[in-house]
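Remarks on the structure that follows.
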Amino acid sequence: MRQRLWLLLAAQLAVVCGSSVLQQTPAYIQVQTNKMAMLSCEAKISLGNMRIYWLRQRQAPSSDSHHEFLALWDSTKGTVHGEEVEQEKIAVFRDASRFILNLTSVKPEDSGTYFCMIIGSPELTFGKGTQLSVVDFLPTTAQPTKKSTPKKRVCRLPRPATQKGLKGKVFQESLSPDACTETTAILQPYRSCLAHGS
């Protein structure tokens, strides 16, 4: 009982005194209800037979924050669970220098910040914590819609008329008022086409 109170008191300092000796990954994880969550704590020093503790903080750090001792890893006993913990949901296992907290069938009430910790002589060392958020539905990323590019209208201007008998030469003459009126009438449809295409 005395050791448990010591652990809970020491956990109040975890956010401030988080050490790079214990590197927790990921910093944040979102998991769907009834799925599994795996939290990692990697030791950057040789621990020997030292135990690794896992604690949970259910709400944001404050003077009223409540910490729970979930489980520890012991080199001879394996996973040792805390009091009032659903043992079938929580397991700790070791992979070289990494200590994995495995949570199965998570619920929204499992959301919180999880800390790993080692007890030295006499110092305590904490990881910086992993925030777990359990939700009923994971957010989806909307796919961007493709915008259709309107086809450009191609306007073909009429070829200049050539006078019969002159091959390859354009017949040019001074335009009379009547000729100017006729030319304007011919080009009118192409002006409308260009206006719509711009």
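Note: hydrogens, waters and symmetry copies are ignored here, and every other heavy atom, side chains too, is used.
Between Ser105 and Asp110, the shortest heavy-atom distance links the atoms O-OD2, 4.4 Å. The two residues Val106 and Gln32 have their closest heavy-atom pair at CG2-O, 3.7 Å. Of all non-hydrogen atoms in Thr113 and Gly129, the two that sit nearest each other are CG2-CA, 4.1 Å. When all heavy atoms of Leu70 and Leu101 are compared, the pair lying nearest together is CD1-CD2, 4.3 Å. In terms of heavy atoms, Ile29 sits closest to Pro26 at CB-CG, 3.8 Å. Pairing each heavy atom of Ala71 with each of Val92, the nearest pair is CB-CG2, 3.9 Å.
To the nearest 0.5 angstrom, Ile118 atom CD1 is 8.0 Å from Cys41 atom SG. To the nearest 0.5 Å, atoms OG (Ser111) and CD (Gln30) are separated by 9.0 Å.
Looking at Arg51 and Tyr53, their side chains come closer than 4.5 Å, going by heavy atoms from C-beta outward. Between Val135 and Pro108, every side-chain heavy-atom pair lies at or beyond the 4.5 Å cut-off. No side-chain heavy atom of Val31 sits under 4.5 Å from any side-chain heavy atom of Met36. Between Trp54 and Leu39, the closest side-chain pair of non-hydrogen atoms falls below 4.5 Å. For the pair Phe93 and Arg98, the minimum side-chain heavy-atom distance is 4.5 Å or more. With a 4.5 Å cut-off on side-chain heavy atoms, Glu109 and Arg58 count as touching.
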side-chain contact (heavy atoms from CB on, under 4.5 Å), that's the test. Do Leu22 and Phe99 meet it? Break it down for me. CA-CA 10 Å; Leu22 297 177; Phe99 296 83; over 6 Å; no
Give the C-alpha distance, both sets of side-chain angles, the deciding distance and a yes or no for side-chain contact (heavy atoms from CB on, under 4.5 Å) between Leu132 and Leu103. CA-CA 11 Å; Leu132 170 65; Leu103 306 170; 3.9 Å; yes
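Within a 6.0 Å radius of OH in Tyr28, other residues, nucleotides and ligands contribute more than 12 heavy atoms. Under a cut-off of 6.0 angstrom, the local environment of CD in Glu88 is crowded, with over 12 non-hydrogen atoms contributed by other residues, nucleotides or ligands.
The backbone N or O of Tyr114 lies less than 3.5 Å from a partner atom in the side chain of Gln24, making a donor-acceptor pair. For Thr130 (side chain) and Ala27 (main-chain N/O), no donor-acceptor pair under 3.5 Å exists by modelled atom type. A donor-acceptor distance shorter than 3.5 angstrom exists from the side chain of His81 to the backbone of Ile90, with no hydrogens or angles considered. Between the side chain of Thr79 and the main chain of Trp73, no donor-acceptor pair closer than 3.5 Å is present.
Between Arg56 and Glu68 there is a salt bridge, since at least one side-chain N of the basic residue sits less than 4.0 Å from a carboxylate O of the acidic one.
Phe69 and Ile119 fall within a single hydrophobic cluster, where Ile, Leu, Val, Met, Phe, Trp and Tyr side chains are chained together by heavy-atom contacts under 4.5 Å.
A donor-acceptor pair shorter than 3.5 Å can be found between the side chains of Asn34 and Lys107.
In this structure, Phe115 and His67 have tilted ring planes: the angle between them lies in the 30° to 60° band.
For the side-chain contact (heavy atoms from CB on, under 4.5 Å) test with Ser75, the passing option among Asn49, Ile52, Leu47 is Asn49; the others fail.
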